[in-house]
Every structure is written in structure tokens, then in C-alpha cells.
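Everything below concerns the one structure shown next.
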Amino acid sequence: MTLTAGMPAAAGSTGSARTSEPRAAAPTDHSGVQGRELVIPAGGAATAIASCPAGRQPSGGGGVRSGKGLFLTGSAPRGNGWEVRFSNKSGVERRGSAFVVCTGQSHTRLADTPLTVPAHGQSVSSFLSCPSGQVPTGGGWEATGSDVVGLRFSSSGNNYHSVVFNNSDAEQSFHAVVLCSAVAHEPRLGSQVTVQPGGEAVATANCDPGQVASGGGSFPSGQAFIGASRPLANGTGWQITAENTTDTPQKVTAQAICTSS
């Protein structure tokens, strides 16, 4: 799996996942593309896109960021690529880009009916099920506004689950989006990490030997907002960067959706 190097993890991360030694990527039909880096001013929002080459289509994707305070407020397949939306709450300029995992395999794209997310710190869940005989390869969510922050996006069996948090003073709407395939894929969870108040942490999930990640996401047990979500550099797992804006410790786990095809 050929992956473009992403941005380094921010210094001072307050947690880490247990990881295995680096492994050679499996010879599967998946490759990664990182899109153009955008400059996002303090208080601003931006939409970034990463596109697959002609004849290939996304199996999953996410985004990378340059530092704390830049949050993912949307992450979903768009055409033959992946689109992410960023909101910069850091008070300084940040940079971000989209990342897409591409394959020649065919996929089914499903989107849930839009759901209302009440204002003032409310979270809402959206569930999707792949067609019979298919399983999720990756997914995310789409939302109105620039303050619907991602908390959870994960798969189980042929189901996909997305949870967002409305950090604005206005009612918003969102829906989960999932890509499904008849090719075998298996979710793998990493070690749970603690995100300290005001801090960030990187969580990692590894695929089994001989597998690569077609997509991935997060599995929190608290309110840890997602700032970045992307494959490992060698493609054999997934990592997320979560940030804790509360005054109590929060926990989060990365999930990789893995395949040997």
C-alpha cells in the first residue's frame, strides 16, 4: 500500500496506544492519496478534498491537521475522493488536508436520512446497515454548519455508527455515510488511551499481518473530539488524534477496518 506521508503528531501529546513493530504492507489493491494542504485562519473553516486516480474509488478516508484546536466537522466520500471539513478553534493559523484510501474494487455508498442535532452541546447518533452480503470498508458523516464535531465513527458486522456533537448555539443537522463492499473486511480495535483535560492524544489500531486498512475511525467512551483520522504510514492500521476540551479525563480508542484483498 503506497501512502503519502502525513503531518507529524503534535508535540506534547498526552496519551499513546500500544503499537506493534512496523510491518511491510500487504500486496493488496489499496493505495493512499493526501490532498492539498489548506491554510485555515483562526476562527475559520475550510473544506479539503483528496481525489483517487482515474479508474479507482474511495474505500475510506479522513483528514490530518497541524496542531490542536483544529477539529473535523465532516468526513465523507465525495465522488471519486474524500472530503473533510475543518473548524479552527485554536486562536492561531492551522493547516489541514484530506486523505483518501483508493481501490479498484466497487463499493456501495449509503447515507442516512438527515437528523436534527440540538444546540448547546448535544450529541446525536446515526446508524446505517450495509446491504445483505456486504460490510463497511469506511465511512464518516456530513453536517450543516461548522460546529458539528465528530465523536465516533465505527463499524460492527454490517453496521456503521456515527456520533456527532453540536458545539454551536444553533440547531444543526447531520447524517452518517458509509461505503460497503462484498469483499471481506474486519474491524480491529486498538488500545484505549486517556486524553487529559486540555490535551490531545494519538490512538492507533493495527491490522493483522497480511492486511491493510481500507478505512477507520474512533470509538470513544467520553467526549473526546476528533481532530485527525488517517491510515498509518505503511497502511497496516489506522490512527486518530483526539482532543479533550472538558475539565475531566476522557478515553478514546482507534478502529481500523482491515482487509487482505
Sequence neighbours excluded, the answer for side-chain hydrogen bond (donor to acceptor under 3.5 Å, both in side chains) partners of Asn158 is none
Rounded to the nearest 0.5 Å, the CG atom of Leu189 sits from the OG atom of Ser154 at a distance of 8.0 Å
**OP:** Examine Leu72 and Leu115 and state if one hydrophobic cluster contains both, with Ile, Leu, Val, Met, Phe, Trp and Tyr joined whenever side-chain heavy atoms are less than 4.5 Å apart.
**Re:** yes
Between Ala205 and Gly190 the two heavy atoms that sit nearest each other are CB-N, 3.5 Å
### Task
Please check if the distance between the ring centroids of Phe153 and Trp141 is under 6.0 Å.
yes
Does Val202 offer a backbone N or O that forms a donor-acceptor pair with the side chain of Gln239 under 3.5 Å?
no
Check your understanding: Do Val148 and Phe86 belong to the same hydrophobic cluster, where Ile, Leu, Val, Met, Phe, Trp and Tyr are linked whenever their side-chain heavy atoms lie under 4.5 Å apart, directly or via other members?
Key -> yes
- Task: Establish, yes or no, whether a centroid distance under 6.0 Å links the rings of Phe225 and Phe165.
- Result: yes
Practice task
Test salt bridge (Lys or Arg N to Asp or Glu O under 4.0 Å) on Glu243 and Arg65 and set out the steps.
Solution key: CA-CA 12 Å; Glu243 189 169 333; Arg65 70 176 189 174; 3.0 Å; yes
| task | Could you go through the side chain to side chain contact (heavy atoms under 4.5 Å, CB included) check for Glu186 and Ile257 one step at a time? | result | CA-CA 6 Å; Glu186 303 170 311; Ile257 303 177; over 6 Å; no
| Side-chain contact, heavy-atom cut-off 4.5 Å: Leu110 with Val177? | no
task: Find out whether the Lys NZ or Arg CZ of Arg152 is both under 6.0 angstrom from the six-membered ring centre of Phe219 and within 45° of the ring's axis.
output: yes
Here the pair of heavy atoms bringing Cys258 nearest to Arg188 is SG-CG, 3.9 Å
Assess whether side chain to side chain donor-acceptor pair (under 3.5 Å) is satisfied between Ser155 and His161, documenting all intermediate values.
-> CA-CA 6 Å; Ser155 70; His161 184 196; over 6 Å; no
When rounded to the nearest 0.5 Å, the distance separating CG of Leu128 from OG1 of Thr113 is 9.0 Å
All heavy atoms of Gly61 vs all of Ser75, minimum pair found to be O-OG, 4.2 Å
### Task
Verify salt bridge (Lys or Arg N to Asp or Glu O under 4.0 Å) between Arg95 and Glu37, making sure each step is shown before the conclusion.
CA-CA 6 Å; Arg95 297 172 182 269; Glu37 185 179 76; 3.5 Å; yes
Worksheet item: Have Thr194 and Gln196 got a donor and an acceptor in their side chains that come within less than 3.5 Å?
Response: no
Separation between OG1 (Thr253) and CD1 (Ile240), nearest 0.5 Å, reads 7.5 Å
*Indicate yes or no: at least one non-hydrogen side-chain atom of Ser31 is less than 4.5 angstrom from one of Arg56.*
yes
>> Run the side chain to side chain contact (heavy atoms under 4.5 Å, CB included) test on Glu93 and Val39 for me, step by step, so that the C-alpha distance in whole Å, both residues' side-chain angles and the decisive distance to 0.1 Å come before the verdict.
In response: CA-CA 7 Å; Glu93 181 181 281; Val39 176; 3.2 Å; yes
query: Taking the side chain from Lys68 and the backbone from Gly198, do they hold a donor-acceptor pair closer than 3.5 Å?
result: yes
One should read off an interatomic distance between Gln211 CD and Asn206 CG, to the nearest 0.5 angstrom, of 11.0 Å
On a heavy-atom basis, the closest approach of Val100 and Pro58 is CG2-CB, 3.6 Å
Note to self: Within the 4.5 Å heavy-atom criterion, are Ser229 and Ser218 side-chain neighbours or not?
What the structure shows: no
*asked:* Using a strict threshold of under 4.0 Å (side-chain N to carboxylate O), is an ion pair present between Glu142 and Arg85?
replied: no
Problem set entry | Any donor-acceptor pair under 3.5 Å from Gln192 side chain to Lys251 backbone | no
| query | With a 4.5 Å heavy-atom cut-off, do Lys89 and Asp147 have their side chains touching? | reply | yes
query: Within the side chain of Asp112, is there an N or O that forms a donor-acceptor pair under 3.5 Å with the backbone of Ser126?
result: no
For this session: Take Phe71 and Thr245, measure what side chain to side chain contact (heavy atoms under 4.5 Å, CB included) needs, and give me the verdict at the end.
Result: CA-CA 11 Å; Phe71 298 102; Thr245 62; 4.0 Å; yes
Between Thr144 and Gln172, is there a side-chain donor-acceptor contact under 3.5 Å, judged purely by atom types and distance? yes
For Gly62 and Val84, the nearest pair of non-hydrogen atoms, with its separation, is O-CG1, 3.3 Å
Smallest heavy-atom separation, Ser181 atom then Thr137 atom, equals CB-CG2, 3.4 Å
* Output yes when a side-chain donor or acceptor of Asn159 lies under 3.5 Å from a complementary backbone atom of Ser129, and no otherwise. => no
Exercise. How about Ser123 and Leu151: do any of their side-chain heavy atoms sit closer than 4.5 Å?
Worked result: yes
* When clusters are formed by joining ILVMFWY residues with side-chain heavy atoms under 4.5 Å apart, either directly or through shared neighbours, do Phe99 and Ile49 land in the same one? -> no
Exercise. Would a hydrophobic clustering, with Ile, Leu, Val, Met, Phe, Trp and Tyr connected at side-chain separations under 4.5 Å, put Ile226 with Val117?
Worked result: yes
Problem - CA sep, side-chain torsions, deciding dist, call: Val164, Val149, side chain to side chain contact (heavy atoms under 4.5 Å, CB included) - result: CA-CA 5 Å; Val164 298; Val149 186; over 6 Å; no
Margin query: Contact between Pro118 and Val124 at the side-chain level, heavy atoms closer than 4.5 Å - yes or no?
Written below: yes
The reported gap from NE2 in His185 to CD in Gln105 (rounded to nearest 0.5 angstrom) is 6.0 Å
Output for pair (Thr103 OG1, His30 NE2), nearest 0.5 Å, gives 4.0 Å
I'd like to check Trp238 versus Val101 (side-chain heavy atoms, cut-off strictly below 4.5 Å). Are they in contact? yes
*Got Tyr160 and Cys130 here, is their nearest side-chain heavy-atom distance under 4.5 Å?*
no
**Study point:** Short side-chain to backbone donor-acceptor contact, Ser97 and Arg36, under 3.5 Å
**Key:** no
side-chain hydrogen bond (donor to acceptor under 3.5 Å, both in side chains) filter on Thr108, not counting sequence neighbours, yields Gln134
